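Throughout, protein chains are lettered first and strands after them, A, B, ... in sequence-line order, and every chain is numbered starting at 1. What you see is a predicted model; the values in this text were computed from it and never measured.
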Amino acid sequence: MIPATFDYVEAESADAALAALAQHGDEAKLMAGGHSLIPLMRFRLATPGVIVDIGRLSDLSYINDGGDHIAIGALTRHMAVETSDLLTTEVPLLAHVASQVGDPSVRHRGTIGGSIAHGDPASDLPAALLALQGSVVVKGPGGERVIPAGELFTGFLETAVGPDEMITEVRVPKVPGAGWSYQKFNRRAQDWAIVGCAAVANGSTTVSLVNMGPTPILASAVNDALASGADVDAASAVAAQGTEPPEDLNGDVEYRTALAQVLVKRALTEASGG
Amino acid sequence: MTVNGQSRAGDVEPRTLLVHYLRDDLELTGTNIGCDTSSCGACTVHVGGESVKSCTMLAVQARGEDVTTIEGMATNGELHPMQQAFMECHGLQCGYCTPGMIMAATSLLAENPNPTEAEVREGLEGNLCRCTGYHNIVKAVLQAADGGTNGGAS
């Protein structure tokens, strides 16, 4: 399986990448580590006419203390997120979730910005960003703007990032003492989650779900129930409410509904120190 | 790019995958192609000293990089300690996954020189052995780690 032909532009800066996007319009696609995009191109599910390679923008690879949040450059590899002392201390959920992406060889190349921009409902990091109530910094012709995680994922593999924009930074609030949990259910090592669940308990509790709809989603029914004082059992019982789980060889709607309930219960129990 | 210590240059189509460049253009056929979907790890090589699945990287992405394949592991006719350990522990059956396993295992030991058995198994989760011969593979990696040289990345 070989990708369809495309023209290749190696961007030397974020501005050069944006200029290439402006020049080529809908035909162009950004490539960071390529670990979401290259497989799609090999299956010919994606056939971009122009690849704008931003993989060498090392100035966008960093993990910085931003005061009340940690700022992570979009080109930061999963392995760097996983092994970051700063994140392990301040946002342990994110470091842990990064360690659950694919396998070590994938984590050497894949980037946090790429994974989030891809917006796959079955991938790990978007769910972590939602549960942490993080945000992304997006750069475009009109300058920079910040998109909260809750407004980022708009459709299947679609985000609020415009075709002429790129994610430059991912921001996650510091939650050093918070309870947290990430539950990923799959049958084989390195597989995508059949269903997954991230939870952060920091005063109030926020839960998100993996592979329970066309986009990465918040478990809104669970979050509302918890806010109204529901206990773990009552909150996890409504885990699938308002979701649109996919059906495939791994499971139908009923199976994923049951899995979501079980995983949310485990996540809430773990995040509350139980 | 530099491949196994030698500078290599050539023109490729942008869509050429690194594994195809290595195998077809440079005739380094020790790197195998297994699943073609970045699942099996048979095509694992080192880029900048780190394990990478060369079926999920464009050759142009490796421009200027330091690439090592299984052919670059032995030095002056001496097997790399990881290769030696695979031989001594019989860490292979059909051998198809072996080049990728050795590249992934040396990358693992470079990051974690003294792994536990569980860490070796997790560290090799991206490499599948179709013969299911994992037991001796894990044994070989642990022996290479104990060998004093810690396997060492290329």
Report task. For chain A, find its close neighbours in residues 55-63 of chain B: heavy-atom separation under 4.5 Å, sorted by number, or none. Result -> B:C55, B:T56, B:M57, B:L58, B:V60, B:Q61, B:A62, B:R63

Query raised in the report: When you check the side-chain N and O atoms of B:S51 and A:H108, is any donor under 3.5 Å from an acceptor?
Result: yes

Query raised in the report: Of all of A:M1, A:R56, A:H35, which one pairs up most often with chain B through heavy atoms under 4.5 Å apart?
Result: A:R56

Requested in this report: Say whether, by atom type as modelled, one donor and one acceptor occur between the side chain of B:R15 and the main chain of A:P3 under 3.5 angstrom.
Outcome: yes

Requested in this report: With the side chain counted from C-beta on, respond yes when B:K53 and A:D103 share a heavy-atom pair under 4.5 Å apart, and no when they do not.
Outcome: yes

Query raised in the report: Just checking heavy atoms, which of residues 37-49 of chain A are less than 4.5 Å from chain B?
Result: A:I38, A:P39, A:R42, A:F43, A:R44

Requested in this report: Please check if atom CD in A:E10 has more than 12 non-hydrogen atoms from other residues, nucleotides or ligands closer than 6.0 Å.
Outcome: yes

Query raised in the report: Any chance CG of B:D24 has more than 12 other-residue heavy atoms, nucleotides or ligands included, within less than 6.0 Å?
Result: yes

Report summary line: Looking only at A:D53, A:I2, A:D7, the option with the highest number of non-hydrogen pairs under 4.5 Å against chain B is A:I2

Query raised in the report: Relative to chain A, which segment of B:T44 carries a heavy atom at a distance below 4.5 Å: side chain, backbone, both, or neither?
Result: side chain

Query - Rounded distance [0.5 Å steps], CD in B:E111 versus OG1 in A:T83 - result: 8.0 Å

Query raised in the report: Considering residues, nucleotides and ligands other than B:E88, do more than 12 of their heavy atoms fall under 6.0 Å from its CD?
Result: yes

Query - A:K184 atom NZ, over 12 foreign heavy atoms within 6.0 Å - result: yes

Report summary line: Greatest number of non-hydrogen atom pairs under 4.5 angstrom with chain A, of B:G41, B:A104, B:G64, B:G123, falls to B:G123

Query raised in the report: Between A:R107 and B:E125, is there a side-chain N and carboxylate O pair less than 4.0 Å apart?
Result: yes

Query raised in the report: Which distance, rounded to the nearest 0.5 Å, do you find between the SG of B:C40 and the CD of A:Q190?
Result: 9.0 Å

Report task. Rounded to the nearest 0.5 Å, what's the gap from OG on B:S39 to CG on A:D191? Could you check? Result -> 7.5 Å

